[in-house]
There are 2 protein chains.
Amino acid sequence: MAVRLKDIAQDLGVSTITVSKVLRGGTDISEATRERVLRRVQELNYRPNMLARGLAGGPTGTMGLLVPDLVQPFFAEFAKALSSLLREHDLALILASSEEDPAIEEREIRALVHRGVDVLLLASCRESLLDLPALGVAPTPCVLFDRSFRGVDAAFVGLDEVEVGRLATNHLLEQGCTRVAHIGGKATSPAVGRLEGYCQAVRQHGLVLPAAYVHSCGHVEEGGFDTGFEAMQALLALPVPPDAVFCYNDMTAVGAMEAVLRAGLRVPEDVAVVGCGNFRFAEYLRRPLSSIDQNVAELGRIAGTMALALAVDAQAPARQVLLQPRLIARASSLRRERG
Amino acid sequence: MAVRLKDIAQDLGVSTITVSKVLRGGTDISEATRERVLRRVQELNYRPNMLARGLAGGPTGTMGLLVPDLVQPFFAEFAKALSSLLREHDLALILASSEEDPAIEEREIRALVHRGVDVLLLASCRESLLDLPALGVAPTPCVLFDRSFRGVDAAFVGLDEVEVGRLATNHLLEQGCTRVAHIGGKATSPAVGRLEGYCQAVRQHGLVLPAAYVHSCGHVEEGGFDTGFEAMQALLALPVPPDAVFCYNDMTAVGAMEAVLRAGLRVPEDVAVVGCGNFRFAEYLRRPLSSIDQNVAELGRIAGTMALALAVDAQAPARQVLLQPRLIARASSLRRERG
DNA sequence: CTGAAAGCGCTAACAT
DNA sequence: ATGTTAGCGCTTTCAG
């Protein structure tokens, strides 16, 4: 049987309460006892029983992470960074997946909260999160990430998605492209933000582009390749096809490139392409893919830090952090000598 | 406050123990009470408090998954499949990562066991697992996966790695290659198995190849690209360089292909390449990559099923399951018309 | 500064 | 077939 609070207390001739207080940083403890307790805790390598602690009303030392799809590199990297950080604090991570299904997401939220996670980290696939309290989340504090929601007063970490759209589109325009299209997503905040950035960049360059240059596709997350492939085919079939395209993510971009190549056209000479995500294979593709780097590891670390703060004090002010994206230019978009 | 066992009991005028028994499928309960209890449980949508259940000695409804690196698609897909399965049984998954560091792995094992996971699923990065009991795992049952260990009597699910090596190597030989090299890993059971399969295939074809054709590289998991790149450069520098190479994983294969192309040679005409893992981008690379599919989703499901059995009965016999790999042939290895 | 009493929600072992 | 007693390891009041 593992070492218990009681064992330490008996060894030292004090009560369990005293030990408990020391462990949780109580102030009303003499420096002498505190040291004695801590030493013994070290010696016996005592670890609190989190089940008991949780049951008695304390924290469970557990955080819940709910993502739409762990196989997407974005979420895998996020989970890895978060997990690294939590390990340093002896916290455990309960992982759940919504499979991009709001009904599953709701069930999983309830399950995690019911299990007593100290904080919930959520990349929601719902349309609105206004009913988050109704989902029974409170009083469990919550850190949203990747996808933000209007009118929800929760901590949030994500990318400056408008800047993502601007970066990609400006880059394409600067490469001399004049007919830039966008294959984007639907409804989610990243999709909306990237589209907005795209529009801003186009406007700033004094261009007016056909509405048909914007494709807003559902399921762009999972169906990436096919979505990109089909959207690009449609774009190429326009009377005046685009000479560049900014794609919602890298897989979509791969699909789009494939469509361009199969149409007998060249990348980037006929159609320049920029993706988003900057996955590890971007530079080894048939045509090395320019992409927007999302700095996911940093995102995970920030989200984790926020979560830690909320675990200590659930009432801590809900910060909103936006990270700046970076463009990684590769052959798929570089039309000029030396970029 | 959530619904408790006691609430159900009071509503029905029975004792909590009766309700508890019904919930756990006790036999010494009249059919009438059982039904009354179950109905009320439904109506109130009662969910047991796992903290309390665990503390009192029951199962915690929790499984621990410990992997070397969640970012590797293999482990991400495994985790996803497992998580899907567990969701159907209302079990939670605690995720931990060893970062390929045995010391971290050991700490995490202890932490998971201490938290009372009902089963531990482990892809170990240690050299030996003979001291698994000493790690304080027992009586927590354990399912090993991906990497097997001699002399350890635990449930295991993985690939038939020898067959992986044979499949890949035979394929290259059948394509007319006569000087097949292998860029492999070190120490782990998959690395050993694949090398063995490679050797078997070479022998069966009556060939005798230089020892220098086999590169056993450390850190082939994380450092994939560079490992493959450098190993291939070394192979190409041999007096009689190989005309084909079977690489430990896809990233290694990408590195190897890059080395071949930069040397001014062609894939597959000068050097045919086969990888392992069959990741999603294999077909969109500069040269679409032939690869061995590991059927990870199935692997995850089987591991999960084993874990469920062990959660019910920790003494259940420890099965060992080996899945058969499949070759997916693409341009990187197809030298003859129509493969 | 320290401790005693009570209880979190559940289950084991033993009655009845 | 059902209930009683006791306790899992910890934390919260509140009293000393």
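A note on names: the letters A, B, ... follow the listed sequences, proteins ahead of strands, and every chain is numbered from 1.
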Atom pairs, protein N/O to nucleotides 12-16 of chain C N/O, distance under 3.5 Å:
| residue | atom | partner | partner atom | Å |
| --- | --- | --- | --- | --- |
| C/dA12 | OP2 | B/R24 | NH1 | 3.2 |

Earlier contact from the 5' end, DNA chain D, for A/R53 and B/A52
B/A52
Rounded to whole angstrom units, what separation is found between the CG atom of B/L51 and the P atom of D/dT11?
13 Å
Would one find a side-chain N or O of B/T33 under 4.0 angstrom from OP1 or OP2 of D/dT2?
yes
For the pair made of CE in A/M50 and C1' in D/dC8, what is the distance, rounded to whole Å?
17 Å
Against the side chain of B/L55, the closest entry in C/dC10, D/dC8, C/dT2 is D/dC8
Between A/S97 and A/D69, does any side-chain donor sit less than 3.5 Å from a side-chain acceptor?
no
In a table with atom names and distances, give each donor-acceptor pair under 3.5 Å that connects a side chain of residues 149-161 of chain B to protein atoms at least two apart or in another chain.
| residue | atom | partner | partner atom | Å |
| --- | --- | --- | --- | --- |
| B/D160 | OD1 | B/V162 | N | 3.4 |
| B/D160 | OD1 | B/E163 | N | 3.1 |
| B/D160 | OD2 | B/Q324 | NE2 | 3.3 |
| B/E161 | OE1 | B/R194 | NE | 2.8 |
| B/E161 | OE1 | B/R194 | NH2 | 3.2 |

Under 30°, 30 to 60°, or over 60°: which ring-plane class applies to B/F78 and B/F145, parallel, tilted or perpendicular?
parallel
Interatomic distance, A/L12 CG vs C/dC1 P [rounded to whole Å]:
18 Å
So, applying side chain to side chain contact (heavy atoms under 4.5 Å, CB included) with A/M306, which one of A/R301, A/R319, A/Q320 is it?
A/R319
Within this structure, what is the NZ-to-C1' distance between A/K6 and C/dG3, rounded to whole angstrom?
15 Å
Roughly, in whole Å, what's the span from CG in A/D7 to C1' in D/dC10?
13 Å
When you check the phosphate oxygens OP1 and OP2 of C/dT2, does a side-chain N or O of A/T18 lie under 4.0 Å from one of them?
no
Closest to the A/D28 side chain, choosing from C/dT2, C/dC10, C/dG3:
C/dT2
Any side-chain N or O of A/S20 under 4.0 Å from OP1/OP2 of D/dT11?
yes
In whole Å, I'd like the distance from the CD atom of B/Q10 to the P atom of D/dG3.
13 Å
Tell me the interatomic distance from A/I29, atom CD1, to D/dT11, atom C1', rounded to whole angstroms.
14 Å
Does the side chain of A/Y46 get closer than 4.0 angstrom to OP1 or OP2 of D/dG9 through an N or O atom?
no
Can you confirm whether A/R34 is buried at CZ, in the sense that more than 12 heavy atoms of other residues, nucleotides or ligands lie under 6.0 Å from that atom?
yes
How many Å lie between CZ on A/R34 and P on C/dC1, as a whole number?
10 Å
Among D/dT4, D/dG9, C/dC10, find the nucleotide with the atom closest to the side chain of B/L5.
C/dC10
Nearest heavy-atom pair of A/L70 and B/A79: which atoms, and what distance?
CD2-CB, 3.5 Å
Counting only heavy atoms not in A/H219 (residues, nucleotides, ligands), do more than 12 fall under 6.0 Å from its NE2?
no
